[in-house]
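Below: the structure, in structure tokens.
Start at 1 with the first residue, then count along the sequence. Atom set for the values below is all heavy atoms of this structure, side chains included, hydrogens, waters and symmetry mates excluded.
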Amino acid sequence: MEKTWRWFGKKDKITLDMLRQIGVEGIVTALHDIPNGEVWPREKIRELREYIESYGMRWSVVESLPVVESIKYAGADRDEQIERYKESLKNLSLEGVHTVCYNFMPVLDWARTDLYHPNADGTSNLYFSHAQFAYFDICILKREGAEKDYSADVLEEVEKLRQTMTAEDNHNLVDTIIVKTQGFVNGNIKEDDEKPVEIFRDLLKLYEGIDKDALRENMRYFLAAIMPTCEEYNMNMCVHPDDPPFPILGLPRIVTCDEDIDWFLNAVDNPHNGLTFCCGSLSAGAHNNISELARKYASRTWFIHMRSCKVFDNGDFTEAPHLGGRADLVEVARIFKNIKPGLPMRVDHGPNMLGDENKGYNAGYTFLGRMFALGIVSGILHTVEKE
């Protein structure tokens, strides 16, 4: 596998010089200064590509060229937005960048309820609590009918939280769920938005009447429309699994499991329509067998995220060490080496360790924690190569 790293551009506190020193070979990034829905100009792509190459690395994967919400819910400007997307794909290809990791998750790109959940060894990790998320949904967002989406056990925990959560706790939960996890990835909510909950409610309204079948059809429409461009310009699209891999906030999720992956690959059966095999997102669902999925879908995978999650009995989950959790990363590395070697890989989320939490890094994207993870995964890859 090619060892890559998600880097958030020249404003990232982690520099390309730092990455070159720790053995990174390829960069995963995007034009974060271009607003969603606008065409990526070829000259801007070239400028960033050449900057990366000046440090001895290559721009391996775009993560992400965002699919705007109106494509996902089939808004009036959907076809216009798809044409802009195709133009950006063409410009990327002409500058030698041929792989795009994207997602088709409505409104919320990824969700956690705690960005600094403490571990016994003094590190901390991202964490998802069903009870705290339900509390946000029912008591802060006040989504109509939200209670019916949760079990009696979770609702009981929500009632306990009602008695203990302070105004500051509520603010921190909102900040974690819809601001800090979204603002740095061209998300729908920005760090300086004054009323993020109101903005979020308005976004949810866009999906009224959109069920799983409708969202699937909108994804099929998008993929069918861009595949001719992908074929002409050799662009590989690889969708990121939903994170977490189950419905939230009354929104459908359509890339959560074996049946979902099989559906979208066959709905538009083209080798350029592929998968980002994120071991972490998939392992956050107890219904997924990561090694079996890797073996089944390796041939249609264009990008790999090497991380793992631990799922608790109540369904809560946390990021696990890269040698632990539900994903056997050694076996995953072995599978891809044997079926589709040479793919770009990034270690994805790492723990907060040795002061990472005080450096202002983007949520989930620490330096020392990811460097530690990269060392572990590099050892895994070396061992598999020697077998």
Side-chain angles (χ1 to χ4, degrees), residues 1-8 19 24-31 49 52 57-67 85 88-89 92-93 95-105 109-110 185-186 219 223 226-227 230 233-243 245 255-256 260-261 264-265 268 270-284 288 290-291 293-308 322 327 329 332-350 364-365 370 373-374 377-378 380-381 384:
M1 296 179 187
E2 178 190 26
K3 292 181 283 188
T4 71
W5 186 281
R6 192 170 190 187
W7 176 70
F8 297 98
L19 300 183
V24 171
E25 299 162 339
I27 296 299
V28 177
T29 192
L31 296 184
R49 175 182 58 76
I52 293 167
M57 294 172 284
R58 77 179 187 107
W59 187 351
S60 303
V61 179
V62 172
E63 187 176 353
S64 169
L65 178 59
V67 179
Y85 203 96
S88 295
L89 290 176
L92 284 164
S93 174
E95 290 302 323
V97 185
H98 294 281
T99 302
V100 173
C101 171
Y102 71 104
N103 77 75
F104 219 80
M105 291 177 258
D109 185 270
W110 57 289
V185 288
N186 285 24
M219 184 181 186
L223 289 170
I226 66 170
M227 278 302 114
C230 291
Y233 292 97
N234 190 28
M235 292 300 297
N236 299 317
M237 298 293 295
C238 43
V239 71
H240 190 287
D242 298 337
D243 187 3
V255 191
T256 67
D260 285 346
I261 297 170
F264 87 81
L265 291 178
V268 181
N270 185 306
H272 294 283
N273 171 29
L275 176 68
T276 294
F277 196 89
C278 181
C279 303
S281 296
L282 292 168
S283 65
N288 287 324
I290 309 310
S291 297
L293 292 175
R295 195 170 291 109
K296 182 173 181 179
Y297 296 112
S299 65
R300 292 288 290 271
T301 294
W302 291 109
F303 185 30
I304 304 165
H305 289 182
M306 293 285 266
R307 67 178 173 91
S308 182
H322 283 65
L329 298 188
V332 168
R334 187 178 290 123
I335 289 166
F336 280 102
K337 174 186 178 296
N338 291 332
I339 299 176
K340 199 170 184 180
L343 290 177
M345 171 281 305
R346 70 176 180 88
V347 293
D348 211 355
H349 304 154
Y365 293 95
R370 280 192 291 167
L374 182 61
V377 173
S378 295
I380 291 173
L381 299 180
V384 169

Do you know which two heavy atoms are closest between [X] and [Y], and how far apart they sit?
{"X": "Asp242", "Y": "Ser281", "value": "O-CB, 3.8 Å"}
{"X": "Thr256", "Y": "Asn288", "value": "O-ND2, 3.0 Å"}
{"X": "Met237", "Y": "Cys230", "value": "CG-SG, 3.7 Å"}
{"X": "Ser308", "Y": "Ala327", "value": "OG-N, 3.0 Å"}
{"X": "Val384", "Y": "Lys337", "value": "CG1-CD, 3.3 Å"}
{"X": "Pro341", "Y": "Ile339", "value": "CD-C, 3.8 Å"}

Atom pair [atom1]/[atom2] of [X] and [Y] - distance to nearest 0.5 Å:
{"X": "Phe336", "Y": "Thr301", "atom1": "CZ", "atom2": "OG1", "answer": "4.0 Å"}
{"X": "Leu92", "Y": "Asn234", "atom1": "CG", "atom2": "CG", "answer": "12.5 Å"}
{"X": "Ile290", "Y": "Cys279", "atom1": "CD1", "atom2": "SG", "answer": "6.5 Å"}
{"X": "Arg346", "Y": "Leu374", "atom1": "CZ", "atom2": "CG", "answer": "12.0 Å"}
{"X": "Leu282", "Y": "His240", "atom1": "CG", "atom2": "NE2", "answer": "8.5 Å"}
{"X": "Arg334", "Y": "Ser291", "atom1": "CZ", "atom2": "OG", "answer": "9.5 Å"}

Stepwise side-chain contact (heavy atoms from CB on, under 4.5 Å) check, Trp7 with Ile52
CA-CA 10 Å; Trp7 176 70; Ile52 293 167; 4.2 Å; yes
Out of Ile261, Ile304, Leu293, which one pairs with Leu275 under the side chain to side chain contact (heavy atoms under 4.5 Å, CB included) rule?
Ile261
Under 3.5 Å, is there a donor-acceptor pair between the side chain of [X] and the main chain of [Y]?
{"X": "Lys340", "Y": "Ser299", "result": "yes"}
{"X": "Ser93", "Y": "Leu89", "result": "no"}
{"X": "Thr4", "Y": "Met345", "result": "yes"}
{"X": "Arg300", "Y": "Asn270", "result": "yes"}
{"X": "Arg370", "Y": "Tyr365", "result": "yes"}
{"X": "Asn273", "Y": "Val239", "result": "no"}
{"X": "Tyr85", "Y": "Leu65", "result": "yes"}
{"X": "Thr276", "Y": "Phe303", "result": "no"}
{"X": "Arg49", "Y": "Gly96", "result": "no"}
{"X": "His322", "Y": "Met306", "result": "yes"}

Decide side-chain contact (heavy atoms from CB on, under 4.5 Å) for His272 and Met227; before the verdict, give the C-alpha distance in whole Å, the side-chain angles of both, and the deciding distance to 0.1 Å.
CA-CA 7 Å; His272 294 283; Met227 278 302 114; 3.9 Å; yes
Phe264 ring center within less than 6.0 Å of Phe104 ring center
no
By the definition salt bridge (Lys or Arg N to Asp or Glu O under 4.0 Å), identify the one residue from Glu25, Glu2, Glu95 that meets it with Arg58.
Glu2
Carefully, step by step, assess Cys101 and Ser64 under the rule side-chain contact (heavy atoms from CB on, under 4.5 Å).
CA-CA 6 Å; Cys101 171; Ser64 169; 5.9 Å; no
Check step by step if side-chain contact (heavy atoms from CB on, under 4.5 Å) holds for Cys278 and Asp348.
CA-CA 9 Å; Cys278 181; Asp348 211 355; 3.8 Å; yes
